[in-house]
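Heavy-atom basis, side chains included; hydrogens, waters and symmetry copies ignored.
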Amino acid sequence: MSYRHIDQKPMKKDAMQLLLGKPAYTEDVTPADCLVVKVLRSPYAHALIKNIDTTIACKVPGIEAVYTYKDVPQNRFTMAGQTYPEFSPYDKLILDQRLRFVGDAVAIVAGENEKAVDKALKLIKTDYEVLEPVLDMHTAMDHPVLVHPEDNWDAKVECGADNKRNLVASSRWSEGDVEDVLNNCDKVIRRTYHTQPCQQAAMETFRTYCEIDYYGRLHVISSTQIVFHARRIIANALNIPKSMVRVEKPRIGGGFGSKQTLVAEIYPAFVTWLTKKPSRIVYSRKEVQTCGTPRHEMEMTVTIGAMNDGTIRCIDLYTLSNTGAYSEHGPTTVGLSGTKSIPLYTANLEAFRFDYDVVYTNVQSSGAYRGYGATQGIYAVESAVSEMASVLGIDPVTIREKNMVREGMEMPAYYHEIATSCNLDKCMEKAKNLFDWENKSKVRVLPNGHIRSAGVAMAMQGSGISGCDVGSATVKLEETGFYTLTIGAADMGTGCDTTLAQIAAETLECDLDMINVFGADTDISPYDSGSYASSTTYVTGKAVQMAAEDLIENMKQIVSQMKKVPADDMDFIGTGIKILSTGETVSLEDIATKSMFFNNIPVQITRTNTQPFSPPPFMVGMAETDIDPLTGKVEVVDYVAVVDCGTPINHNLATVQTEGGIVQGIGMALTETVTYTDKGQIMENSFMQYKIPARTDIGSLRIDFAGSYEPTGPYGAKSIGEIVINTPSPAINAAVASAIGKFHYTLPIRPESVLDALEEKK
């Protein structure tokens, strides 16, 4: 099907403004003459505040206020931006007497300038009772030391949580007789994989501005993905009515899930609510690295049973997840480690089991990061499948082609959803040809001694959270015949303002410039769960399409009243309404003008969309690696990705999303690591230590699409935001293993471990 705006390459709506450095971000659009807010951080992984004296700090000239745990409400809340039901237990106070990780908040200082605040922070006298920390997730469950011993800890949803066991979530799920099937397989392998708590490393650190508006309400302007959840969380934390909070989002300088949690917003909100003065907090990079919410550390034990011909009959997965000091997203990320990995092998699967536990420890709390648990699970399962192929002597592409899920199949491990749109097989075929798998899959030694090899991996994700996420959009006809599209979804630089405008323009048969986009603001935008879980294009995009279609019908009704002709004698032609029987055309401007007098038919339509299912996008990634046998350094010299995201709405933005996700995945595989001392301190507290790959570190990236058509999505679209990060780590692991004869079970793949393997191979 040919479209005017769908699967095209228009420029992002905000591209020129951003390119020219026009005001766009939180600090650009808020006044500078406001209170500076900073947080005093705990030096201990686990401690109680015995005494805290702020007397001298409060006397520093320019200091407005210093707050401690004695000054805050005692109702617990969660900082996780999730819609009802909120799975993350309520375990957080704005400030707490018990400190649970190095970097936990001890006090809030607000002053007229940064110099005064920095001085006051040093003058706060704190006496700590240092407690034994729980630092190892393997011993956390039922540990004699409790991270959250408090009695007002509250799990709103039954998910196996028990704070008296350091347990945030626990579940057991199986179908088929796992033990019997495994006992009757020709080959069974069992491997354990470990992933680090990787940082999202967005360019813009966490930052929030707060003020009291003309009506005495708290107005929050923040770099957030979740304006409506932020309103609820702030109101819960401050113990004030939600009607007294307004949250607004300007441009966001990257999020990748980190801004799906209220890392920073609570502190200036508390200051402004108490002082009634404007305030702002800006996190340093060190604070982001040590007090943010990175990807959950996980350990996954995978058991795969297969026949000698490569038929995979059973997958058994156990995931242990480390949520850290607080529960944010702990109960929800872990589920994706199984539900987004096991279903990839639906074709011949007779039985599966997926168990998990999520535990508290005294380290930086984790949160949402692109891929949201699927990244960890896919690394484990895909690595195990590649190793199974090696054990059986089968090509790793062949074993996947034999077992992969295909269109029309029911996926038991994906809540029994049907793969209504699935071109995973076409992704594999395209990738194989584009990559030249037949030749590159063979290990080659170059004249300089470097070793070249290749690996492959598959992935799936979701399109929103089925039976949960809600997307809404308002489309309004304006007086000269242009349109305003108002959304609650947050553009994080991904370009959703543009893609949603494309959907509106396609439906309304107009130029893209005729669509003005506004969002997101809790006072003005229609409700939207927020920009996470790969939901925006699929969930909110469909709401946009439905609202535009309804607006067309209303415009026909207005013309019907104007011209005394039935609406079924009309056709919408983009520039107006054509009356079929007479050939007369009524322009959009005339319709808009008529809507403003003696009219009861609205030209501002809001539609809301939710879905009982979440059609997965699929992807195949192939990596060619180059290993220097003298240093053990691994470089990715070529990466081919083919994605099935349904119909790509914006081809350029889909390509850029894919490239960005792959680079993040390469960083997870090769360079990004978090190291704790025996006192619970993070060693990698800046980009000097925490190494994220730059574009110059990556060789060729080649992207293609094998689009399917998803009937429940807008113009056949599914999601693309998260899936693109999931194939690099297992594909690179397989490529390196092909060269050195040894798979890696812990990420990142370090040069020293590569050298050790090469020595063993000799």
Side-chain angles (χ1 to χ4, degrees), residues 39 42 44-52 67-101 103-108 126 128-129 131-134 140-170 229-242 244-245 261-263 265-267 269-270 273-274 291 293 322-332 357-367:
V39 178
S42 170
Y44 302 108
H46 197 191
L48 286 174
I49 299 174
K50 292 172 63 178
N51 184 53
I52 184 164
Y67 300 108
T68 71
Y69 73 90
K70 301 173 185 177
D71 304 308
V72 303
Q74 293 303 299
N75 49 294
R76 294 194 179 269
F77 59 94
T78 177
M79 296 200 305
Q82 297 173 304
T83 195
Y84 175 86
E86 292 178 272
F87 276 90
S88 298
Y90 279 31
D91 58 8
K92 184 85 174 177
L93 294 177
I94 299 172
L95 296 169
D96 204 333
Q97 186 177 9
R98 181 179 293 269
L99 306 168
R100 295 175 173 85
F101 71 98
D104 209 352
V106 174
I108 304 169
T126 310
Y128 299 98
E129 178 187 347
L131 305 173
E132 178 187 348
V134 181
M141 196 190 310
D142 298 319
H143 196 285
V145 175
L146 296 180
V147 179
H148 284 273
E150 61 271 11
D151 293 329
N152 62 346
W153 178 95
D154 187 14
K156 300 292 184 182
V157 177
E158 174 53 48
C159 58
D162 185 349
N163 64 314
K164 304 300 183 177
R165 300 184 61 202
N166 285 333
L167 197 59
V168 173
S170 183
H229 297 332
R231 177 176 65 182
R232 179 188 69 246
I233 294 166
I234 290 168
N236 286 346
L238 272 57
N239 201 21
I240 62 176
K242 295 175 180 63
M244 296 303 293
V245 182
T261 305
L262 259 67
V263 173
E265 286 87 345
I266 299 298
Y267 304 119
F270 182 71
W273 186 249
L274 265 61
C291 311
T293 52
N322 182 5
T323 196
Y326 298 97
S327 67
E328 287 95 7
H329 303 277
T332 44
D357 294 301
V358 185
V359 295
Y360 282 119
T361 59
N362 290 117
V363 299
Q364 175 182 216
S365 59
S366 296

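Within a 6.0 Å sphere centred on OH of Tyr44, heavy atoms belonging to other residues, nucleotides or ligands number 12 at most.
Asp71 is not listed as a side-chain neighbour of Ile108, based on a closest heavy-atom distance of 4.5 Å or more. In this structure, the side chains of Ile52 and Val106 come closer than 4.5 Å at one or more pairs of heavy atoms. The side-chain heavy atoms of Glu265 and Ile234, taken from C-beta on, include a pair separated by under 4.5 Å. You'll find the side chain of Ile266 reaches within 4.5 Å of the side chain of Ile233, heavy atoms only. Inter-residue side-chain proximity for Arg76 and Asp154 is flagged as unmet; no heavy-atom pair is nearer than 4.5 Å. Under the 4.5 Å side-chain criterion, counting only non-hydrogen atoms from C-beta, Arg98 is in contact with Leu131. Side-chain contact between Asn236 and Tyr90: present, with at least one pair of heavy atoms (C-beta onward) separated by less than 4.5 Å. Counting heavy atoms from C-beta outward, Asp151 and Lys164 have side chains that approach closer than 4.5 Å.
Taking CD of Gln74 as the reference point, atom OH of Tyr69 lies at 9.5 Å (rounded to 0.5 Å). If you take CG on Leu48 and CG on Leu99, they are separated by 7.5 Å, rounding to the nearest 0.5 Å. We find the CG-CG distance between Asp96 and Asp104 to be 7.5 Å, quoted to the nearest 0.5 Å. Distance check: Asn166 CG to Thr323 OG1 gives 11.5 Å after rounding to the nearest 0.5 Å. The NZ atom of Lys92 sits 8.5 Å away from atom NE2 of His148, with the distance rounded to the nearest 0.5 Å. One distance of note links CZ of Phe101 with OH of Tyr360; it measures 13.5 Å at 0.5 Å rounding.
Here the closest non-hydrogen pair linking Pro73 and Leu238 is CG-O, 3.9 Å. Taking every heavy atom of both residues into account, Trp153 and Asp162 meet most closely at CH2-N, 4.0 Å. In terms of heavy atoms, Leu167 sits closest to Val358 at CD1-O, 3.5 Å. Across Cys159 and Val168, no two heavy atoms sit closer than the pair SG-O, 3.6 Å. The heavy-atom pair separating Met244 from Trp273 by the smallest distance is CE-CH2, 4.1 Å. Counting all heavy atoms, side chain and backbone alike, Glu328 lies closest to Ala80 at CG-N, 3.7 Å.
In this structure, Asn362 contributes its side chain and Arg100 its backbone to a donor-acceptor pair below 3.5 Å. With hydrogens and angles disregarded, a donor-acceptor distance shorter than 3.5 Å links the side chain of Thr68 to the backbone of Lys70. Looking at Gln364, its side chain never comes within 3.5 Å of a backbone N or O of Ser366 through a donor-acceptor pair.
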Steps toward side-chain contact (heavy atoms from CB on, under 4.5 Å) verdict (Phe87, Thr78): CA-CA 9 Å; Phe87 276 90; Thr78 177; over 6 Å; no
Candidate pair Thr126 and Ile49, rule side-chain contact (heavy atoms from CB on, under 4.5 Å), full reasoning: CA-CA 7 Å; Thr126 310; Ile49 299 174; 4.0 Å; yes
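In this model, a donor atom of one side chain and an acceptor atom of the other lie less than 3.5 Å apart for Gln82 and Thr332.
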